[in-house]
Amino acid sequence: MKMFWIFCNESVAEDLMDVLNKNGITGYFVWKNVLFRDNESGKTHWDDAIYPGKDWAFMVFCGDEDVLVLKEKLEHLEEEPYIKQAGIKAFIAEAKKVM
């Protein structure tokens, strides 16, 4: 099982949820109002007057096949100029259910 972390600007969170819901992802966790500090790209979202905006974090648990499909769909989503400008990041880690 894989744990797929996805972080995006709040302005594109609905687009990301559409991708998850339309591609067989049956459940996921969401954290709203996540703050992100980026000292390189200028996409800091600190929810203040200097760095406005917030991010959302999604945690998805899925099998290897779903990871490949989801990765492909996210890459396709990021081709949209407004998505690329807003920012989206994804990470994959191994996960083992213990309960």
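Since the structure is predicted, the reported quantities are computational estimates derived from the model, not experimental observations.
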S.K.: Would you compute the distance between atom SG of C8 and atom CZ of F58 and round it to the nearest 0.5 angstrom?
M.R.: 5.0 Å

S.K.: According to a hydrophobic-cluster definition based on side-chain heavy atoms being under 4.5 Å apart (Ile, Leu, Val, Met, Phe, Trp, Tyr only), do F7 and Y51 belong together?
M.R.: no

S.K.: Can you name the nearest heavy-atom pair linking E78 to I83, along with the distance?
M.R.: CA-CG2, 3.8 Å

S.K.: Going hydrophobic residue to hydrophobic residue with side-chain gaps under 4.5 angstrom, can you get from F36 over to I6?
M.R.: no

S.K.: The test is side-chain contact (heavy atoms from CB on, under 4.5 Å); show your working for D15 and V12 and say whether it passes.
M.R.: CA-CA 5 Å; D15 297 288; V12 298; 4.0 Å; yes

S.K.: Taking atom types as modelled and ignoring hydrogens, do the side chains of Y28 and N21 form a donor-acceptor contact shorter than 3.5 angstrom?
M.R.: yes

S.K.: Flag the pair K54 / L35 as yes when at least one side-chain heavy-atom distance between them is below 4.5 Å, and no otherwise.
M.R.: yes

S.K.: How close do V60 and G27 get, heavy atom to heavy atom, and via which atoms?
M.R.: CG1-O, 4.4 Å

S.K.: Check for me, please, whether L16 and F61 land in the same ILVMFWY cluster - side-chain distances under 4.5 Å, paths through other members count.
M.R.: no

S.K.: Closest approach of N33 and W56, non-hydrogen atoms and distance?
M.R.: N-CD1, 4.1 Å

S.K.: Side chains of N9 and I88, heavy atoms from C-beta outward: is any pair under 4.5 Å?
M.R.: no

S.K.: Would I25 end up clustered with M59 when hydrophobic side chains under 4.5 Å apart are linked, directly or stepwise?
M.R.: no

S.K.: Hydrophobic clustering (ILVMFWY, side-chain heavy atoms < 4.5 Å, transitive) - are V34 and F91 grouped together?
M.R.: yes

S.K.: Please check if the side chain of N23 supplies one atom and the backbone of V19 the other of a donor-acceptor pair under 3.5 Å.
M.R.: yes

S.K.: What pairs meet the salt bridge (charged side-chain N to carboxylate O under 4.0 Å, His left out) rule with one or both residues in residues 86-99, with sequence neighbours excluded?
M.R.: K2-E94

S.K.: Would K71 and E75 count as a salt bridge (charged side-chain N to carboxylate O under 4.0 Å, His left out) here? Give the steps.
M.R.: CA-CA 6 Å; K71 182 179 178 291; E75 288 170 347; 2.6 Å; yes

S.K.: Could you tell me which residues satisfy ring-ring contact (aromatic ring centres under 6.0 Å, His included) with W31, sequence neighbours excluded, listed by chain and number?
M.R.: W5

